[in-house]
Amino acid sequence: MAYGTKNLLIFKNNLIQNKQNLKSFALKLSFYVLKQMPQIKSVILAYDNEYWKKMSQYVTYYLKSRGINVYFLHKNHLGVPFSFLEFSFKKLNALDLAIYFSFFDSKSCKIQTIFKNNQEMNFFDFNNFNLNENEYQFLNDEPIYLDTKMLLNDYLNQITSNRVTKYHNSILNLIINKYQYNFELIKKIMGFDDLGYKFINKQRFTNDTIFRVSKTFLTRGMQFNYFGRFFINQEVKYYLAYKKLFNYDFKQILNEHLVALYIKFQNTFFNSMLINDNFFKINKVYINQLYPTPILIKVCEMFDIEYSFVLQQQDIILNDNENVLYVDNNDISFLSAEYNYRDSFKTFFYINEMLNYFETQQIDIFDIEKELKLKFLTYKEFEIECSIANLVHFKDKLSIQKSISRIEIDQLTVFENKQDKYIKHIAKIALKTNPQCFISISYNEISCKLKFSVFYSQTTKIFNKIKEYFSKFLLLNKKIRN
C-alpha cells in the first residue's frame, strides 16, 4: 500500500522487486500522471541511484507513447540530488513536470514531483487508481538528454557565488560518507575551496549521536576536523572529531550550535574588507516550533537579527531581496525568494566555509557558550510503536500530564492538525530542569511510530528516565496499548 500527499508518494520496496511488478507500477504511475495533468507536454525524470534506471525507462516509454516529451539529466544514468533537479526545473522554465525517484529508508521508496504554480499534481487517490494493462502499448524510445554539464556549472555557481569571504586559507579536512547522489557534487564543492576530504563507506555508531572510524581507513598524515554526514533522505549533519589512539570518535554538533556559530561568523565579517559583495546576508531566522530555542533566540538578539517560529519550512513566505535561514532538528536551509527550497549542498558549502575560518583562526566552536552564557544541549531520540487508531488516546492522556518521570512540566503544547507530509506534529514539552530540557514528539504515519526527540543537559542524566516513562506510559494504559 502506497501513502500519498500532495506531491509525495511513498511505497514499499516489494512493489517493484521484479520486472513485471516494475512495469505495472511504471504504467500505473505514467497514466495516473496523465489523468492528473492531461495538459502536460514535457516531463523531466531524475533519481538518486541507478536502482531506478529501469523504472525511469519504462515511464519514459509509456509517456512518449502518449506524445509527451521526456527529458533526462544524465545520459549515463547517474543519480543526482533532488535540489539539483529542482534548480534545473526552474532554470529551464519550459518543463511542465519533474518526477524524482529515491529511497525513503531501507524498506521504502518515494516519488516526489515538482510542478508549476498554475498546475497541480497529487497522489491522494493513487491507491484506488486502476487500469487494464492489456489495453496499453508503449513506445520503446529514448528520452532527450540535457546538457547536464552546463546546468551543473550554473548550480554550483549559484551556491558558491554567495559565500561570505573573498579570500581564505584552506586547512579544513573532512570525512564524508558517499552516496551516488552526492559523490560528484561533493568533489566539485570541496575542490572549489581546495579543502581536504576523504570518502568513507563504513562507520560504526556507538550510540545515536557518536560514531567511530578506524584510522586504517584514513589517509596518512591528514588530521581530520569534522565528519560531514549525508543521509539517504539527503539531509546533512556535522560531527566534531575527537582523535583517539587507534580511532577517530565523532560527536554530533546540533543544528542550533551550527546556526549560532554561522550568525556570529557572518556578522564578524559584516564590516570587513574581506567580505564578498554578493554574500548571503541573513535578514531573518525561522525556528521550528518543536526545536529548543534559548540559544537561537539569544544569538539573534545579540546580533539584532529578526526571528520567528514556524511549524514547517513550507509555512515561510519570502519577499524579494530577502535571505532567511530556517532551522530544525534535521535541517538548516538557506532560503531566498528565488531559491526557496531545501538544499543540503548549499548548507554544506556555507558551513564548511565557516568551520574552515574557525580552524584558521584557532577558534574553539564552544567559545560561543561563554559569550551567550548558555550551554548547548545534548540530543538523543527514541521511537515507540503506536497505531494510528490509538494516537488520539495518547494525545488525550498526554494533554493532562503535570509531570514527566516526576519532573514537573513547565510548558506543554499539544498540536492539532499540524502535519508535514507524512509526519504529524504531536507535542512539545519544556521541563522544569536547570538548564531547561525539551521533548518534541512527532508521529510517522508510514512506520506507525511515535518519535521522541529529547534535548537535555548531560548533567541532568534524564534521557533514560524519559524513555522508560513513555514506554510504560504507552504500555500500561489499555486504551493506547498497541
Salt bridge (charged side-chain N to carboxylate O under 4.0 Å, His left out) partners for R342, two or more places apart
E235
By side-chain hydrogen bond (donor to acceptor under 3.5 Å, both in side chains), Y32 pairs with (sequence neighbours left out) Q36, D125
Taking side-chain hydrogen bond (donor to acceptor under 3.5 Å, both in side chains) as the test, write out the residues that go with K424, two or more places apart.
Q419
Indicate the ring-plane relationship of F473 and F394, choosing parallel, tilted or perpendicular according to the 30° and 60° boundaries.
perpendicular
Name all residues meeting the salt bridge (charged side-chain N to carboxylate O under 4.0 Å, His left out) criterion together with K467; count only those two or more places apart in sequence or in a different chain, and write none if there are none.
none
Could you pull out all residues at least two apart from E338 that satisfy side chain to side chain contact (heavy atoms under 4.5 Å, CB included)?
S336
Contacts of type side chain to side chain contact (heavy atoms under 4.5 Å, CB included), residue S344, not counting sequence neighbours
F230, V236
So which pairs with a foot in residues 179-192 pass salt bridge (Lys or Arg N to Asp or Glu O under 4.0 Å), sequence neighbours left out?
E184-K187
So that I can tick it off, tell me whether R163 and E353 are bridged by a salt bridge, with the cut-off set at under 4.0 angstrom between side-chain N and carboxylate O.
yes
I want to know whether F334 and F349 have ring centres closer than 6.0 Å.
no
Could you tell me whether K284 and E322 make a salt bridge, using a distance below 4.0 angstrom between a side-chain N and a carboxylate O?
no
Got a sec, which residues hit side chain to side chain contact (heavy atoms under 4.5 Å, CB included) with N278, two or more places apart in sequence or on another chain?
N162, N276
Residues two or more places apart in sequence or in another chain: which of them pass side-chain hydrogen bond (donor to acceptor under 3.5 Å, both in side chains) with D315?
Q312
So do the side chains of T293 and F309 get within less than 4.5 Å of each other, counting heavy atoms only?
yes
Measure from NZ or CZ of K178 to the centre of the six-membered ring of F183, then state whether that distance is under 6.0 Å and the direction lies within 45° of the axis.
yes
Mind checking what makes side-chain hydrogen bond (donor to acceptor under 3.5 Å, both in side chains) contact with N330, not counting sequence neighbours?
K237
Just to verify, which of F376, Y379, Y238 counts as forming a ring-ring contact (aromatic ring centres under 6.0 Å, His included) with H257?
F376
Is the Lys NZ or Arg CZ of K251 less than 6.0 Å from the centre of Y239's six-membered ring, within 45° of the axis?
no
For F126 and F25, I'd like to know if the aromatic rings sit close, meaning centre-to-centre distance below 6.0 Å.
yes
State whether K64 and D141 are salt-bridged, where the test is any N-O pair (Lys NZ or Arg NE/NH1/NH2 against Asp/Glu carboxylate O) under 4.0 Å.
yes
By side chain to side chain contact (heavy atoms under 4.5 Å, CB included), N255 pairs with (sequence neighbours left out) L258, Y291, V327, I332
Y226/F224 aromatic ring centres below 6.0 Å:
no
Which of parallel (below 30°), tilted (30 to 60°) and perpendicular (above 60°) describes Y58 and Y61?
perpendicular
With sequence neighbours left out, what residues match F101 under ring pair (Phe, Tyr, Trp, His ring centres under 6.0 Å)?
W52
Looking only at atom types and distance, does a side-chain atom of D48 sit under 3.5 Å from a main-chain N or O of F103, one as donor and one as acceptor?
yes
Centroid-to-centroid, Y286 to Y326, below 6.0 Å?
no
